[in-house]
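Report on the structure given below.
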There are 2 protein chains.
Amino acid sequence: MPKSKRLMELMMTVNRKRRFKVGELADEFNVSTRTILRDLQELSELGVPLYSEVGPHGGYQVLRERVLPPIAFTEGEAVAMFFAVHALRHYSSLPFDAESASALSKFYLHMPGDIRDQIDRMKERVDFVSPTRRGDAPHLSVLLDAAVHQKVLTITYESKSEGTTSRQVQPVSLYAHNGFWYCTAYCFLREGIRVFRCDRIRDASPGSAEPLKLSDIRLSRQEVVLPTDPVRLQAKLTRIGTQRCESELWLSPHLHVREDGTAEIDVEVSRSEIPFYTEFFISLGKEAALIGPRELKAAIRKHLAELLENYQEG
Amino acid sequence: MPKSKRLMELMMTVNRKRRFKVGELADEFNVSTRTILRDLQELSELGVPLYSEVGPHGGYQVLRERVLPPIAFTEGEAVAMFFAVHALRHYSSLPFDAESASALSKFYLHMPGDIRDQIDRMKERVDFVSPTRRGDAPHLSVLLDAAVHQKVLTITYESKSEGTTSRQVQPVSLYAHNGFWYCTAYCFLREGIRVFRCDRIRDASPGSAEPLKLSDIRLSRQEVVLPTDPVRLQAKLTRIGTQRCESELWLSPHLHVREDGTAEIDVEVSRSEIPFYTEFFISLGKEAALIGPRELKAAIRKHLAELLENYQEG
DNA sequence: ATAATAGTGACAATAATTGTCGTGAATATA
DNA sequence: TATATTCACGACAATTATTGTCACTATTAT
């Protein structure tokens, strides 16, 4: 086997094994231990994080961030990766932010100039308008890691109704919706699946509880959103108002659209979400006519009056 | 220079030059032409699409889809690429669909099994809820290519008001908004910038008109028409207001963001757009403090008063 | 016809890789 | 403390890979 090929296979082998002895590899590859030693030194120079200990029970280990063997991509594949990462740029505090940036810079570095230009132009000419991000979610990476590896976390959560609480949870899934990140998790405090708004998680650290096997739950989030302390939200929408609301995912299932393009909203919502709906209806302006609830009308009036105050000639 | 390194550099060089002669490269790399010939044969075997012609004015060419030199990514970078592509899966018929799939499969192939499992679990546990896609846009790739390379297209467009028309356009930018894809383009029929809904483009083929230099237009809808009868728009934004405005493409170039996350808007706009800004600033609520112009303030006050009227208890 | 260009085969010169052996050093275990 | 295990390194010869040179062929534009 030519040396270069052996090095690549060695790279994959050590990545797979994580721990190994020099003699082992020498047998597998049918070369002398001296050669394996030299090879390992080369891998080390190529960036593979190898660590070794002498003595019985010693041996080699691959540490933390492993390095994949070099892969040759086509220009189209490289551009596709830029496209995908670019599409997500309106999401901030994403997991793997740093990693995507460093991956793209590796691609960029190996590209001929004309593709670089093409990518730069593409960035200026393509956009994914996504819901305005509302609230930072600094612990997303930790939550994702816990969801993927079935770990238990201790989180400090700031809920509107209960104030700040500390509890152990085992994350199940994460989803971005309307500019917020949500985390469904088994809550050891409430002994059931709950949904948490990630921007309200103030702190997340490893927990002590024994992880449950939650593999069957996954992404099913439909049934979890039962409103607590519900109020009935009703409104009429003009055609334009209907179009705007149709694109709001949380609302569209509750839209009753008529032949002429106008629609009605009729949905049970949590009383605690009135502040959100206040802003939402104000932004709809004259395209919506709210029927109820009264509390919401009052809140909107109050908000409008305050705004009007702000806009007095000063 | 060791052979492996020379091969990688050769790969980058031929990608950059696209056309070259063997003697040229031999000079650049200080090796004999015989060696370059052998090297080129190896590159060819590695997948670089080389083509050669003999005779004067002959030489080598790199065809269509070039191949980048092999790049070693870390496991984290690879996972980040999966994450990004996964995040876009609710968009169908995206440009670079096939390319991202083949890139990911290359990554997948070179990964140790435990990262594969990790990725498979992540796919089940992370979701990006985005606006329901409405309408297919089969010509996106063609439009993107035209926007990036400043090409003119002949499109068949089905508009509600005018029925089906054929016209030449030069695409400027593409954006996804609320489940639709839009294309801003210079329309040779209307002699101005227009926005087209991509799902209403029935056909797109190369056009005959001479491309214009539209490089200055890019993503900003604002500058498409230089403000006629301009007024100076100035406002201060809170941190949250800044975040919201940053995702507005037409606005973000005119945002002056401070250290603390707050920002100021300072831009010349057309007087005729005051109705638009009225709604926009109302939707920003208390996150924006408008400084001027007076007309806008007055319009906002009027609008707010009317809204307040609408929301009186009935 | 001539010059420019790619392409091939043979072989010697040169360079890189590998295996062998000797030696050493750290460390767990008996 | 002695011993087995394991990594580590240097020297050198044997082996293998790479390179350059040269001679030659083939194609094509001018």
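A note on names: the letters A, B, ... follow the listed sequences, proteins ahead of strands, and every chain is numbered from 1.
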Check the orientation of [X] and [Y]. Use parallel for under 30°, tilted for 30 to 60°, and perpendicular for over 60°.
| X | Y | answer |
| --- | --- | --- |
| B:F20 | B:Y60 | parallel |
| B:F128 | A:W181 | perpendicular |
| B:F107 | A:F73 | tilted |

Write out a two-atom table: protein N or O, nucleotide N or O from nucleotides 25-30 of chain D, distance below 3.5 Å.
none

What integer distance in Å separates [X]:[atom1] from [N]:[atom2]?
| X | N | atom1 | atom2 | result |
| --- | --- | --- | --- | --- |
| B:R19 | C:dT5 | CZ | C1' | 13 Å |
| B:L7 | D:dT19 | CG | C1' | 13 Å |
| A:L40 | D:dC7 | CG | C1' | 11 Å |
| B:Q41 | D:dT19 | CD | C1' | 15 Å |
| A:L37 | C:dG19 | CG | C1' | 13 Å |
| B:D39 | C:dG7 | CG | C1' | 15 Å |
| A:R34 | D:dA8 | CZ | P | 11 Å |
| A:E53 | C:dT27 | CD | C1' | 10 Å |

Practice task
Mark yes or no: B:R6 above the aromatic ring of B:F29, with NZ or CZ under 6.0 Å from the six-membered ring centre and no more than 45 degrees from the axis.
Solution key: no

Practice task
Run the salt-bridge test on A:R66 and B:D114 with the 4.0 Å N-O cut-off and return the result as yes or no.
Solution key: yes

Handout entry: Carboxylate-amine/guanidinium contact A:K3 A:D39, below 4.0 Å
Key = no

Problem - Atom CZ of A:R190 with >12 non-hydrogen neighbours under 6.0 angstrom - result: yes

Problem - Closest listed nucleotide, where the reference is the side chain of A:R38 and the choices are C:dT18, D:dT6, D:dG20 - result: C:dT18

Fill in the blank from the handout: Side-chain atoms of A:K3 come closest, of C:dG19, D:dC7, C:dT17, to C:dT17

Handout entry: Residue mapping more 5' on DNA chain D - nearest nucleotide basis, A:K21 or B:V31
Key = A:K21

Tell me whether the OP1 or OP2 atom of [N] has a side-chain N or O from [X] closer than 4.0 Å.
| X | N | result |
| --- | --- | --- |
| A:S52 | D:dA8 | yes |
| B:Y51 | C:dA6 | no |
| A:R6 | C:dT18 | yes |

Problem - Along DNA chain C (nearest heavy atom to each residue), the more 5'-positioned of A:P2 and B:V22 - result: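 Its nearest nucleotide being more 5', the pick is B:V22.
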
